[in-house]
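Within every chain, numbering begins at 1; the chains are lettered A, B, ... in the order of the sequence lines, protein sequences first and strands thereafter.
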There are 2 protein chains.
Amino acid sequence: MAVKKVGRGSFKQQISDDLRQQIADGTLEAGAKLPTEAQLTDQYGVTRGTVRAALEILVNEGLIISARPVGHFVRDRKPMIFRPQAEFRPRPYTPEMDAFMTENASRDADQDIEVSIVEPTAEVTKRLQLDAGELVVSRRRVRHLDGEPFNLNDSFYPLSIVQDSAIMRPDNIPEGANEVLAALGYRQERAIDELYVRMPTPDEVRRLELLPGTPIGYHICTGYTEAGKPVRVAITVLPGDRHVISYERRREAPSDEA
Amino acid sequence: MAVKKVGRGSFKQQISDDLRQQIADGTLEAGAKLPTEAQLTDQYGVTRGTVRAALEILVNEGLIISARPVGHFVRDRKPMIFRPQAEFRPRPYTPEMDAFMTENASRDADQDIEVSIVEPTAEVTKRLQLDAGELVVSRRRVRHLDGEPFNLNDSFYPLSIVQDSAIMRPDNIPEGANEVLAALGYRQERAIDELYVRMPTPDEVRRLELLPGTPIGYHICTGYTEAGKPVRVAITVLPGDRHVISYERRREAPSDEA
DNA sequence: CAGTGGTCTAGACCACTCT
DNA sequence: GAGTGGTCTAGACCACTGT
């Protein structure tokens with residue numbers, strides 16, 4: 001080997017550490033092309049397999065992408081899309097003193113809707129407190145921005161309460177599904193929100209066209225009537241490379257301490 | 001090869017798809033031991049390298065862990081720790097109708113604190129609107145639960161306003177850093193919150209002892225005085241396998257639509 | 001066509017743990 | 001010592017793209 005094993009770690013760790021450092025300090029800037037596998041093989045005096053193992057680490061960290069057969073490139077930084085979700089915005093949002101989130105004002109929005117009657121997953125069954133065998137209406141949507149998939153929004157309703165309503169039509173609902181539910185006598189007065197952070201499933205990778213190393217935020221919102229009956233579960237999948245969840249607050253809950 | 005290449009995908013894709021399916025449908029339940037690499041090598045009629053590539057996919061999806069030299073195991077599902085952050089809880093939390101988040105009531109809590117005067121990162125400089133060369137006081141904390149690192153909470157203050165205050169002491173601040181700031185004439189009246197979802201840096205992996213395939217939530221809270229002067233940046237790193245962010249709401253912002 | 005990365009083979013040696 | 005996974009070598013063939 002041309003290079004001796006200095007410091008700790010395996011060869012692939014050393015190589016990926018080197019490249020990560022170059023990305024961090026700007027030697028390799030966003031969009032820049034990395035050396036080819038052959039060049040790295042020569043440079044470090046290891047075999048191609050070892051070089052590929054090092055690059056794979058960086059791919060899985062979301063730092064680089066492989067654009068076959070052109071080469072590896074430093075991944076562009078998050079587009080800094082600003083998308084305040086209502087649930088993350090307890091107070092009206094006012095755009096001041098936050099120059100860092102003023103990008104992406106308005107762009108072409110679009111969505112695909114797919115409505116079906118399905119057996120609910122355990123996740124949905126539990127939150128809707130369904131009996132065994134009870135079916136739900138599923139409204140699955142892929143929201144697009146400028147033609148690219150942007151997030152997923154799947155809502156589930158007990159079939160028993162939305163049967164034959166506008167919720168079952170595979171169109172946009174101008175007044176909003178919540179108003180339809182309210183007209184049916186199930187106005188939502190409370191909601192419980194949960195946010196998970198995890199790696200995507202292959203299905204989510206496909207629907208959102210995710211690159212390797214892209215984690216997601218998994219947001220589950222369960223809506224309840226005043227009587228405490230759950231009537232709706234909405235699951236939003238937010239790709240980490242396309243979303244910044246942001247909101248402003250005024251006092252009263254002085255935040256993270258410390 | 002003993003197994004023919006049915007359907008799509010490479011051998012490693014087929015193998016990881018098979019195993020992922022078995023994990024999803026419960027054939028392999030949480031904590032179960034996977035077949036050894038040698039067994040999978042025989043079973044699929046490929047070389048060990050191919051089997052390892054398949055397992056690596058599942059590791060990076062956070063589905064399995066490798067416990068050398070014992071074997072690979074299905075990763076335990078998130079401990080479902082419930083930690084409402086103040087900023088995600090616009091209304092007081094009431095524990096009702098949510099049996100799915102009642103675990104982990106009270107456990108041993110602990111934290112390490114490390115205070116220093118540092119040159120701020122670009123991220124902090126921008127949010128604190130600092131001049132070039134201006135220094136900050138950094139309070140870096142690792143919070144532990146039952147002896148395990150649970151999350152990171154790093155706060156940054158302009159050196160010019162907290163010099164010689166209790167904020168610079170590497171102890172817990174009983175009344176809270178925010179009260180100290182207020183006593184210094186910098187009471188925070190507004191805050192901007194941002195939440196990013198991404199893979200961890202090696203430093204975050206080390207501080208939080210993260211397993212491969214564990215993404216993080218990266219929460220930045222910038223606090224402002226009434227006059228609009230930023231006085232504090234708090235960065236919280238929440239490991240995806242240890243956190244569920246959860247809160248309850250009542251009406252007024254009827255959520256995710258759809 | 002040459003050059004890129006994607007996949008796979010068939011070995012090898014190592015560190016570690018358990019028996 | 002046997003068995004596990006971690007790392008690495010030294011090849012091979014393929015699909016795709018650009019010249």
Side-chain angles (χ1 to χ4, degrees), chain A residues 1-19 28 31-75 202 205 211-213, chain B residues 1-19 28 31-75 202 205 211-213:
Chain A
M1 352 262 99
V3 175
K4 59 175 180 300
K5 212 193 225 176
V6 299
R8 349 252 152 133
S10 52
F11 283 137
K12 67 177 182 182
Q13 279 301 337
Q14 287 183 54
I15 298 171
S16 62
D17 285 351
D18 281 359
L19 292 171
L28 287 167
K33 185 176 186 303
L34 271 67
T36 66
E37 295 180 357
Q39 288 170 337
L40 291 169
T41 297
D42 291 346
Q43 181 179 335
Y44 286 94
V46 296
T47 60
R48 188 173 155 231
T50 304
V51 166
R52 283 183 57 75
L55 292 173
E56 191 170 18
I57 291 172
L58 300 176
V59 168
N60 286 323
E61 288 175 4
L63 291 178
I64 67 175
I65 59 172
S66 166
R68 184 160 73 139
V70 189
H72 288 89
F73 294 84
V74 179
R75 196 159 168 187
V205 169
L211 294 172
Chain B
M1 347 266 89
V3 174
K4 60 176 181 295
K5 211 194 225 175
V6 298
R8 347 254 154 128
S10 50
F11 282 136
K12 67 176 183 183
Q13 279 300 336
Q14 287 181 54
I15 298 170
S16 62
D17 285 351
D18 282 358
L19 293 171
L28 287 167
K33 184 175 186 306
L34 272 66
T36 66
E37 296 181 356
Q39 288 169 337
L40 291 169
T41 297
D42 292 345
Q43 181 179 336
Y44 286 94
V46 296
T47 59
R48 188 173 156 232
T50 304
V51 166
R52 283 183 57 74
L55 293 173
E56 191 170 18
I57 290 172
L58 300 176
V59 167
N60 285 323
E61 288 174 2
L63 292 178
I64 67 174
I65 58 171
S66 167
R68 183 161 72 140
V70 189
H72 288 89
F73 294 84
V74 179
R75 197 160 168 186
V205 169
L211 295 172

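Residue contacts for B:Thr47: at a heavy-atom cut-off of 4.0 Å it reaches a base atom on one of the strands shown.
Nearest nucleotide to the side chain of A:Phe11, out of D:dC8, C:dG6, D:dT4: D:dC8. Of the candidate nucleotides D:dT9, D:dG5, D:dT4, D:dT9 has the atom lying nearest to any side-chain atom of A:Val46.
Every residue meeting the side-chain hydrogen bond (donor to acceptor under 3.5 Å, both in side chains) condition with A:Glu61, not counting sequence neighbours, appears here in chain and number order: A:Arg20.
Atom CD of B:Gln39 and atom C1' of D:dA2 are 15 Å apart (whole Å). Here the C1' atom of nucleotide C:dT7 and the CD1 atom of B:Ile57 are 11 Å apart, to the nearest Å. In this structure, B:His72 places its NE2 atom 19 Å from P of D:dG3, rounding to the nearest Å. D:dT4 atom P lies 16 Å from atom CD1 of B:Ile64, rounded to whole Å. C:dC8 atom P lies 9 Å from atom CD of B:Gln14, rounded to whole Å. Spacing between atom CZ of A:Phe73 and atom C1' of C:dT4 amounts to 10 Å, rounded to whole angstrom units. Following rounding to the nearest Å, A:Lys33 (NZ) and C:dT4 (C1') show an atom-to-atom distance of 8 Å. Rounded to whole angstrom, the span from the CD atom of A:Glu37 across to the C1' atom of C:dG3 amounts to 12 Å.
In this model, the phosphate group of D:dT7 is approached by a side-chain N or O of A:Lys12 to a distance below 4.0 Å at OP1 or OP2. OP1 or OP2 of C:dG6 has at least one side-chain nitrogen or oxygen of A:Ser66 nearer than 4.0 Å. Side-chain nitrogen and oxygen atoms of A:Thr50 include at least one within less than 4.0 Å of the OP1 or OP2 phosphate oxygen of D:dT9. Remark: A:Arg52 is not in phosphate contact with C:dG5, judged by side-chain N or O atoms under 4.0 Å from OP1 or OP2.
Among pairs with a residue in residues 62-72 of chain A, none fulfils salt bridge (charged side-chain N to carboxylate O under 4.0 Å, His left out), at least two apart in sequence or across chains.
The shortest distance between side-chain heavy atoms of A:Val59 and A:Arg75 does not fall below 4.5 Å. Side-chain contact between B:Leu58 and B:His72 is absent, with no heavy atoms from C-beta onward closer than 4.5 Å.
Here the CG atom belonging to B:Leu19 is positioned 10.0 Å from the CG atom belonging to B:Leu63, to the nearest 0.5 angstrom. Interatomic distance, CG of B:Asp42 versus OG1 of B:Thr36, reported as 8.0 Å (0.5 Å rounding).
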Query raised in the report: Do A:Asp18 and A:Tyr44 pass the side chain to side chain contact (heavy atoms under 4.5 Å, CB included) test, and can you show the C-alpha distance, the side-chain angles, and the key distance before you say yes or no?
Result: CA-CA 11 Å; A:Asp18 281 359; A:Tyr44 286 94; 2.7 Å; yes
Quick one: which protein N/O atoms are closer than 3.5 Å to N/O atoms of nucleotides 12-14 of chain D? Pair and distance per line, please.
| from | atom 1 | to | atom 2 | distance (Å) |
| --- | --- | --- | --- | --- |
| D:dA12 | N6 | A:Arg48 | NH1 | 3.4 |

